[in-house]
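If you're wondering where the values come from, they're calculated on a predicted model, not measured in any experiment. Every chain is numbered from 1 and lettered A, B, ... according to where its sequence line falls, protein lines coming before strand lines.
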Amino acid sequence: MSRLNARQREAVHYISGPLLVLAGAGSGKTSVITSKITYLVEQCGIKAKHIAAVTFTNKAAREMRERVSKLLPAHDAKGLIVATFHNLGLTILREEHKILGYKAGFSIFDSEDAKALIRDIMIRDFGDEGEEVNQVQAAISNLKNDMCEPDRAISVACNDHELMIAQVYKTYNQYLKAYNAVDFDDLILLIVALFRQHPEVLEKWQNRVRYLLVDEYQDTNIAQYELVKMLVETRSAFTVVGDDDQSIYAWRGARPENLVKLNEDFPSLKVIKLEQNYRSTSRILKVANAVIANNPHVFEKALWSELGMGDEIRIIQTRNEDAESERIAVEILDHKLKKNTHFRDYAVLYRGNHQSRLLEMKLQAHQVPYRISGGTSFFAKNEIKDAMGYLRLLINPEDDAAFLRVVNVPRREIGPSTLEKLGEYATERDISLYRAVDELGLEQRLPEKAIQKLRQFRQWLERTAEDCQRKEAISVLKQMFTDIEYEDWLYQNSNTPKQAERRMDNVWYLVDSIQRMLERDKGLADEMTLESAISRLLLMDMLEQQQEEDDTDKVHLLTLHASKGLEFPHCFIMGLEEEILPHRNSIEENNIEEERRLMYVGITRAKKTLTMTYAAQRKQYGEKIETIPSRFLDEMPEEDLVWFGKGEKDPDANKAKGRETLASLRNLMDGL
DNA sequence: GTAAGCCGTATTTTT
DNA sequence: TACGGCTTAC
């Protein structure tokens, strides 16, 4: 507590009503949340099991849990909920699924499952493959986040396209229900619906969660806000922490205006601003403040720090995009040698993922080790999707998406035409594929051999599911992957034996994770079932940890969006050009403010030095264009910037400069 | 089942 | 331009 500043302490101690903490970048908001949890337990006599802290990402939740565990002895923290919105939704749904009409083993469709289902519906009902499935999926997700029910969506649709989306939405929901499945959005939406329809259930959860803390509040969507509001309705005992200037996810449903709404919905709301920044130099903050001052604000806020002015902000113009990447690679090497730093102290931020490509090539050429955030997630890997398919089918045989995923992996000689006929039959009878397999009516539609294969598969699954009840689940799972000779299949379908080996390791890692989850609270009252372990797993949780262990000495490459919440001693932001940052579409949609916040987020990642680059000329969609430097550069105070490469008319001037830098580099290296 | 060729598209992404 | 997704042809 003594390590907190006055404002932070005030935020921790204020418990007499609803509280909004406007926490600027780097102002120690996580410390406030974790200290507050400790304070509530130790000083206010609130039991940990009556406190919930909600975040958006597993990473944030994990960090928070770790930090709380350092402040609170384990037995005092017992029952504390630190979870993502989705995990909290899952917890509630697991307990209340019956009221909503779901069976215990319900599946969670990830966005790929959902997409496949939406595609099927669109083809079947509209024969319209021209329509963009991704768009429809996003539209449905938006409707769900806005809490618009299918019937309402149908009635308010004001053109054919919207009507089509609404109809697909309705059918999609019906299918999910039939599959005993929910999607990510449902994890929030269904809980809100449940609370509305069953006040007694709401009351039960209000009693469970007596103090609520919400992180990154500006990122909540309508459904999430509704959930928060309902949970805190009676007690108004909550703290939300957010920063309207860091709202960069409006495009996927986040409603930063929820900050204002909070003020309206809770007139007694107290607002505390955290403006002291512990991360960056004063100059970096001055530039950040200057840029964001161009946005309208409900709550004025200005960051400051005691870390000294620091270096000037560098703006580097290069000839073209090639030189831009080259320059960044060289600057990193140069700086690292001169200042004797580590590669991991550097980050390069960009607007769009494609911008990393050239940069990667240049970094490789200079043998600069790097890591890119935002590659394929663990769950996007094919072997994991397969394995999850089996697990899902085991606990929920109605899960058609899982059935289709694994029925012929490895090969069981069950091909597309068999599945199509089976699907037709199942649709007619309104039953799942799994059930359809056992129906006698199939004999008329499918050849003997196909039916035999299908029934073999079904019987094998049934036996395995029974074994899970009788024997130790983990050994059954291990046996299952051996049974189907999955490893052999991987070897046949991977590029190299090494890759196959790695993929099999991933599968075993998945099984291990389940084992760990099952064993963690074995014998306890709320012992985890196989069902809940598997559904937890789907919301990631422990799996992404292993990916991040690759924390060796590497330069970080990431999008501005992905950089939120992180910090680096030395930051590069590339592509400061009109049409890139701010992005072209945002200019067209007149949505400069969110782009400006993105710029703000980028600037405030830097602790010591900040370098921004742009190319005078760039190839775009095949043709060369003269670029215009980003308007955001004009918004930065000139006296804090140093420009390089600007106004040099000779296009070779930069080349010369590059050579010069390289030469000095070689000298330095020779000296070592 | 695979490889070549054609077409359309071109932000940000978590759960 | 460049890539991915999809169709087509073997």
Taking the nucleotide of DNA chain B with the closest heavy atom to each, which residue, Thr559(A) or Asn408(A), is nearer the 5' end? Asn408(A)
Nearest-neighbour nucleotide for the [X] side chain, [options] considered:
X         : options                   : answer
His583(A) : dT11(B), dT12(B), dG1(B)  : dT11(B)
Glu589(A) : dT13(B), dT11(B), dT15(B) : dT11(B)
His561(A) : dT11(B), dT13(B), dT15(B) : dT13(B)
Asn585(A) : dT13(B), dT15(B), dT11(B) : dT11(B)

Residues which pass side-chain contact (heavy atoms from CB on, under 4.5 Å) with Ala616(A), listed by chain and number, not counting sequence neighbours: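 Partners of Ala616(A) under the side-chain contact (heavy atoms from CB on, under 4.5 Å) test: Gln317(A).
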Using whole Å, report how far [atom1] of [X] lies from [atom2] of [N].
X         : N       : atom1 : atom2 : answer
Glu579(A) : dT12(B) : CD    : P     : 16 Å
His354(A) : dT9(B)  : NE2   : C1'   : 13 Å
Glu588(A) : dT12(B) : CD    : P     : 16 Å
Ile248(A) : dT13(B) : CD1   : P     : 9 Å
Arg351(A) : dA10(B) : CZ    : C1'   : 13 Å
Phe109(A) : dT15(B) : CZ    : C1'   : 16 Å
Ile592(A) : dT11(B) : CD1   : C1'   : 13 Å
Tyr249(A) : dT11(B) : OH    : C1'   : 12 Å

With the threshold set at 4.0 Å, does a side-chain nitrogen-carboxylate oxygen contact exist between Arg255(A) and Asp146(A)? yes
Salt bridge check, Glu63(A) against Arg67(A): does any charged N sit closer than 4.0 Å to a carboxylate O?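 Salt bridge flag = yes for Glu63(A) with Arg67(A).
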Does the ring of Tyr491(A) carry Arg503(A) above it, NZ/CZ under 6.0 angstrom from centre and within 45° of its axis? no
Near DNA chain B, counting only heavy atoms under 4.0 Å, which residues of residues 183-193 of chain A show up?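 Those residues are Phe184(A).
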Do the two ring centres, one from Tyr346(A) and one from Phe568(A), sit under 6.0 Å apart? no
Taking the six-membered ring for Trp and the single ring otherwise, decide whether the centroids of His561(A) and Trp251(A) are under 6.0 Å apart. yes
Which whole number of Å gives the distance between the P atom of dC3(C) and that of dT14(B)?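 The answer is 23 Å between these two P atoms.
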Rounding to the closest angstrom, what is the interatomic distance between dT1(C) and dT12(B) at atom C1'? 22 Å
Output all residues satisfying side-chain hydrogen bond (donor to acceptor under 3.5 Å, both in side chains) with Asn591(A), sequence neighbours left out; order by chain, then residue number.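 In terms of side-chain hydrogen bond (donor to acceptor under 3.5 Å, both in side chains), with neighbours along the sequence ignored, Asn591(A) is linked to no residue.
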Once side-chain hydrogen bond (donor to acceptor under 3.5 Å, both in side chains) is applied, do any residues pair with Asp512(A), and if so which ones, sequence neighbours excluded? none
Check the interface with nucleotides 1-4 of chain C: list each N/O to N/O pair with the protein under 3.5 Å, or write none.
| from | atom 1 | to | atom 2 | distance (Å) |
| --- | --- | --- | --- | --- |
| dT1(C) | O4' | Gly622(A) | N | 3.3 |

If the cut-off is 4.0 Å, is Asn353(A) near the phosphate of dT13(B), judged by side-chain N/O to OP1 or OP2?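 So the side chain of Asn353(A) is within the cut-off, an N or O lying under 4.0 Å from OP1 or OP2 of dT13(B).
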Is the phosphate of dT12(B) approached by Ser586(A) (side-chain N or O, under 4.0 Å from OP1 or OP2)?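 Looking at the OP1 and OP2 atoms of dT12(B), neither is under 4.0 Å from any side-chain N or O of Ser586(A).
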Give me the one residue out of Arg357(A), Arg618(A), Lys362(A) that meets salt bridge (charged side-chain N to carboxylate O under 4.0 Å, His left out) with Asp322(A).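 For Asp322(A), the salt bridge (charged side-chain N to carboxylate O under 4.0 Å, His left out) check succeeds only for Lys362(A).
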Partners meeting salt bridge (charged side-chain N to carboxylate O under 4.0 Å, His left out) with Glu321(A) (sequence neighbours left out): none
